[in-house]
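First the structure, in the form of structure tokens, and then the observations on it.
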Amino acid sequence: MKPTIFVTRPVPEEAEAYLREHCLVDKWEGDGPVPRDRLLERLGNAEGLLTSGGKIDAELLDHAPRLRAVSNISVGYNNFDLAAMKARGIIGTNTPEVLNDTVADLIMGLILSAARRIPELDRYVKEGRWQRSDDEILFGLDVHHKKLGIVGMGGIGEAVARRGKFGFGMSVLYHNRHRKPEAEAALDASYLTLPELMREADFIVLMTPLTPETKGLIGAAEFALMKETAIFINASRGATVDESALVEALKSGQIYGAGLDVFEHEPVASDHPLLTMPNVVTLPHIGSATEHTRNQMAMIAAQNLVLALKGHTPPNVVRELK
Ligand SMILES: NC(=O)c1ccc[n+]([C@@H]2O[C@H](COP(=O)([O-])OP(=O)(O)OC[C@H]3O[C@@H](n4cnc5c(N)ncnc54)[C@H](O)[C@@H]3O)[C@@H](O)[C@H]2O)c1
Ligand SMILES: O=C(O)[C@H](O)CO
């Protein structure tokens with residue numbers, strides 16, 4: 001007898017076909033993300049859940065008495081209440097590694113966009129404001145040979161560091177929960193404390209997972225240490241940064257600019273002060289959003305789920321907050 005699963009968002013054909021081969025698939029057919037109350041109604045029979053970010057907490061698990069595994073189509077798993085899942089013997093999985101290069105490419109895009117003011121000056125040209133006499137008002141900052149500071153030197157952090165080091169001749173500084181001697185050797189990277197990194201780096205890239213320790217990790221005290229020419233990039237989760245402090249740091253000229261792929265509340269409200277600042281580049285959480293990478297993530301997530309439901313240990317089980 002095939003296990004029943006619930007799929008909360010459309011997945012590529014290949015992943016859906018694979019799931020149907022191994023499971024009885026029930027899926028959300030509505031537009032947009034499944035509303036929480038509708039999801040809870042649909043979980044009565046589900047032994048597996050394929051999702052990408054909705055909260056998996058005690059309330060949801062109470063509505064899913066047969067649930068054995070939850071598979072995220074994402075590397076981040078801050079949506080999992082791991083204690084509640086563990087208490088019920090439910091396995092959680094994610095999709096690490098496969099998206100490292102895709103997200104790192106986007107982060108380089110944010111760095112270049114903020115430093116060279118690409119979106120701002122694109123609008124400038126398209127709005128017919130470009131004058132032959134324009135000169136200094138179009139200046140930005142160099143990226144090459146500057147100091148790249150990575151906070152959270154994991155899979156994505158290292159992929160960004162490689163691009164900075166070997167593509168742009170940058171020197172790599174990093175702060176992480178644990179030192180990484182191999183990365184230090186391969187990238188000639190220097191380990192710094194968080195305050196040291198804030199003072200030293202020209203580009204600060206935040207790439208930690210969202211955990212109780214990293215919530216608001218970068219706030220007023222950290223922005224106060226940054227150079228006036230520093231550019232702050234966040235592609236981790238919005239809540240790792242105190243957004244009000246970021247707004248103040250940008251408004252007061254404490255830092256030069258920011259590049260953001262993530263926000264505390266997504267989609268970000270259209271009247272959010274960060275959206276009014278020309279020195280902030282904003283994106284709608286598209287770090288891993290290429291067809292190739294998202295297809296691979298969906299397939300890996302499907303395989304994780306099927307393996308777990310067959311009683312095997314999938315390669316990407318998450319056991320604790322990392
Ligand atoms: N914008 C996007 O679309 C997008 C895409 C992928 C991942 N992400 C986010 O990026 C996060 C990182 O992804 P990854 O694949 O590199 O994860 P990873 O687990 O490989 O790396 C995370 C690193 O952060 C470090 N870390 C954890 N807590 C820390 C702390 N308190 N201080 C310093 N370092 C700490 C860990 O030791 C680890 O080295 C994900 O959890 C997810 O939230 C966002
Ligand atoms: O964590 C991830 O994989 C990305 O943020 C996509 O949700």
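For ligands, and for the atoms within them, numbers begin at 1 and follow the listed sequence. Below, all heavy atoms of this structure are taken into account, side chains as well, without hydrogens, waters or symmetry copies.
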Is there a path from [X] to [Y] through hydrophobic residues (I, L, V, M, F, W, Y) whose side chains come within less than 4.5 Å of each other?
{"X": "L106", "Y": "M207", "value": "yes"}
{"X": "I286", "Y": "V160", "value": "yes"}
{"X": "L274", "Y": "L110", "value": "no"}

Distance flag, aromatic centroids of H175 and Y191, threshold under 6.0 Å: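 Centroid separation for Y191 and H175: below 6.0 Å.
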Distance under 4.0 Å to a non-hydrogen atom of [X]: what atoms of ligand 1 satisfy this?
{"X": "D261", "value": "1 (N), 2 (C), 3 (O)"}
{"X": "M153", "value": "39 (O)"}
{"X": "H285", "value": "1 (N), 2 (C), 3 (O)"}
{"X": "V103", "value": "5 (C), 6 (C)"}
{"X": "T214", "value": "28 (N), 29 (C), 30 (C), 31 (N)"}

Show the nearest heavy-atom pair for residues A189 and A183, with the distance to one decimal.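 That would be CB-O, 4.1 Å.
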Can you see which heavy atom on L309 is nearest to which on A69, and at what distance?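 Closest approach of L309 to A69: CD2-CB, 4.2 Å.
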For ligand 2, output the ligand-protein N/O contacts shorter than 3.5 angstrom; if there are none, return none.
unit_1: ligand 2; atom_1: 1 (O); unit_2: G76; atom_2: N; d: 2.9
unit_1: ligand 2; atom_1: 1 (O); unit_2: R237; atom_2: NH2; d: 2.8
unit_1: ligand 2; atom_1: 3 (O); unit_2: V75; atom_2: N; d: 2.8
unit_1: ligand 2; atom_1: 5 (O); unit_2: R237; atom_2: NH1; d: 2.8
unit_1: ligand 2; atom_1: 5 (O); unit_2: R237; atom_2: NH2; d: 3.4
unit_1: ligand 2; atom_1: 5 (O); unit_2: H285; atom_2: NE2; d: 2.7

Would [X] count as being in polar contact with ligand 1, using the rule that some N or O on each side must be under 3.5 angstrom apart?
{"X": "G155", "result": "yes"}
{"X": "G157", "result": "no"}
{"X": "M207", "result": "no"}
{"X": "K180", "result": "no"}
{"X": "N78", "result": "no"}
{"X": "E213", "result": "no"}
{"X": "G76", "result": "no"}

Any heavy-atom pair between the side chains of F168 and L112 that's under 4.5 Å?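 Yes, side chains in contact.
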Are T93 and S71 close enough, and set up right, to give a side chain to side chain donor-acceptor pair (under 3.5 Å), and what steps lead you there? CA-CA 5 Å; T93 63; S71 175; 3.2 Å; yes
Is the shortest distance from a Lys or Arg side-chain nitrogen in [X] or [Y] to a carboxylate oxygen in the other one below 4.0 Å?
{"X": "R88", "Y": "D81", "value": "no"}
{"X": "K126", "Y": "D122", "value": "yes"}
{"X": "E16", "Y": "R20", "value": "yes"}

Donor-acceptor pair, distance only, cut-off 3.5 Å: does the side chain of R117 make one with the backbone of F139?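 Confirmed, R117 side chain pairs with F139 backbone.
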Determine yes or no for a side-chain-to-main-chain donor-acceptor pair under 3.5 angstrom, with R42 supplying the side chain and K27 the backbone.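 Yes.
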Proximity of [X] to ligand 1 by residue part, where a heavy atom lies under 4.0 Å:
{"X": "R237", "answer": "side chain"}
{"X": "S288", "answer": "backbone"}
{"X": "V75", "answer": "side chain"}

For the CH2 atom of W28 and the CZ atom of R9, what is their distance to the nearest 0.5 Å?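 These two atoms lie 15.0 Å from each other.
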Pick whichever of [options] has a heavy atom sitting closest to [atom].
{"atom": "atom 22 (C) of ligand 1", "options": "P209, P212, S74, G53", "answer": "P209"}
{"atom": "atom 34 (N) of ligand 1", "options": "E158, M297, R177, H175", "answer": "R177"}
{"atom": "atom 16 (O) of ligand 1", "options": "L106, T208, L206, I156", "answer": "I156"}

If the test is side chain to side chain contact (heavy atoms under 4.5 Å, CB included), which one of L50, N78, T95, N79 qualifies with N72?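 Among L50, N78, T95, N79, the one meeting side chain to side chain contact (heavy atoms under 4.5 Å, CB included) with N72 is N79.
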